[in-house]
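In the text below, chain A, chain B and the rest are named by the order of the sequence lines, each starting its count at 1. No experiment lies behind these values; they were computed from the predicted model shown.
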There are 2 protein chains.
Amino acid sequence: MKNSLKVERAKKDFTQADLAERVGVSRQTINAIEKGSYNLSTILALKIAKIFETELENIFQLEETDWK
Amino acid sequence: MKNSLKVERAKKDFTQADLAERVGVSRQTINAIEKGSYNLSTILALKIAKIFETELENIFQLEETDWK
DNA sequence: ACTTAATGTAAAACAAACTTTACTTAAAGT
DNA sequence: ACTTTAAGTAAAGTTTGTTTTACATTAAGT
C-alpha cells in the first residue's frame, strides 16, 4: 500500500509527533507508516484522513502487490 | 467503527463466503467484521471498497467511541 | 422429514499492529 | 561548539487481527 502521509503532513506543517498525538498513537507508529510496508488499521487510517480533511483514498492507495 | 457491509453485500447478492474469497480472507473474518467491534486492516478495507465499487467511507465510518 | 446453503459463534494458534524505551543522525538556531 | 527539534531506526513486549477447525442454527427446496 502506498501513502502520501508525508506530503499531507507538510501541507499542514505537522510533525510526526503532532500527528501521532492527534490520532492517539506513538510517533514511531507514524514513522513506520510513512516508511510504507505497514498495514495500519482502518480506524487509524480514517482518523488520519479526518485530521487532514480529505478522503482516505487520497492518502492510502492499494498497489498490485496488495492483491497477494 | 460502524459498517454497512451487510447492505453492500445484499446489493451485489454476495454471500459472506463470496466476499471472503474475493478479498482473500476467511469467511469468519468477514462475519466478524459485519458483527462490528472489529478493527480490520486498511488494505482489507480498501479491497472491500474496491469490490463494491464505492469509497471506503461509504462502507466504514468512525464512531465517537473510536476516538478513545 | 431430509438436505443443502448461508450464517453465527467459539477456542486455540499464529501473524501482524502498535507501544515503549532508547540510541542515532541531520538540520537549524544561538 | 553547543543545544534543540524532527526524523530514522531497532529490539522486546503487549495487544489485536486473522486463520483454522469445528459445531449449531435458520431458511429454503425437494
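- We find that OH of B/Tyr38 is positioned 13 Å from P of C/dA16, with the value rounded to whole Å.
- Taking every heavy atom of both residues into account, A/Leu5 and A/Asn3 meet most closely at N-OD1, 2.9 Å.
- Taking atom CG of A/Asn39 as the reference point, atom P of C/dC18 lies 8 Å away to the nearest angstrom.
- Around atom CD of B/Glu21, no more than 12 heavy atoms belonging to other residues, nucleotides or ligands sit under 6.0 Å away.
- As judged by a 4.0 angstrom heavy-atom cut-off over every strand, A/Ser26 is placed among the base-contacting residues.
- Within the structure, every pair that satisfies the salt bridge (Lys or Arg N to Asp or Glu O under 4.0 Å) test and touches residues 8-20 of chain A, not counting sequence neighbours, is listed here: A/Glu8-A/Lys11, A/Arg9-A/Glu34, A/Lys12-A/Glu53.
- With hydrogens and angles disregarded, no donor-acceptor distance shorter than 3.5 Å links the side chain of B/Lys6 to the backbone of B/Lys35.
- In this structure, the side chain of B/Glu55 does not engage the main chain of A/Glu57 through any donor-acceptor pair within 3.5 Å.
- In this model, the phosphate group of C/dA17 is not approached by any side-chain N or O of A/Thr29 to a distance below 4.0 Å at OP1 or OP2.
- The CD1-P distance, from B/Ile33 to C/dG8, rounds to 13 Å in whole Å.
- B/Thr42 places a side-chain N or O within donor-acceptor distance of the main-chain N or O of A/Leu40, the cut-off being under 3.5 Å.
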Revision key, fill the gap. Scoring nucleotides 23-30 of chain C by protein non-hydrogen atoms under 4.0 Å (B base, S sugar-phosphate only, - none) yields --------

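- For A/Ile30 and D/dT5, the CD1 to P distance is 20 Å, given to the nearest whole Å.
- Side chain of B/Ser4 to main chain of B/Val7: no donor-acceptor pair is present (N/O by atom type, distance under 3.5 Å, no hydrogens or angles).
- Look at A/Asn31 and you'll find a side-chain N or O under 4.0 angstrom from OP1 or OP2 of D/dG8.
- B/Lys35 has its NZ atom 13 Å from the C1' atom of D/dG17, to the nearest Å.
- In terms of modelled atom types and a separation under 3.5 Å, the side chain of B/Glu63 and the main chain of B/Met1 share a donor-acceptor contact.
- Atoms CG (B/Leu5) and P (C/dT7) sit 12 Å apart, rounded to a whole Å.
- What separates CG of A/Leu40 from C1' of C/dT19 is a distance of 15 Å, to the nearest Å.
- The main-chain N or O of B/Ala49 is never found under 3.5 Å from a side-chain atom of B/Thr54 such that the two would form a donor-acceptor pair.
- Along DNA chain C, the nucleotide nearest A/Leu44 and the nucleotide nearest B/Ala17 are compared for position; the residue whose nucleotide lies closer to the 5' end is B/Ala17.
- Atoms CG (A/Leu19) and C1' (D/dT5) sit 17 Å apart, rounded to a whole Å.
- Residues from residues 6-16 of chain A that place a heavy atom under 4.0 Å from any atom of DNA chain D, listed by number: A/Lys6, A/Arg9, A/Thr15, A/Gln16.
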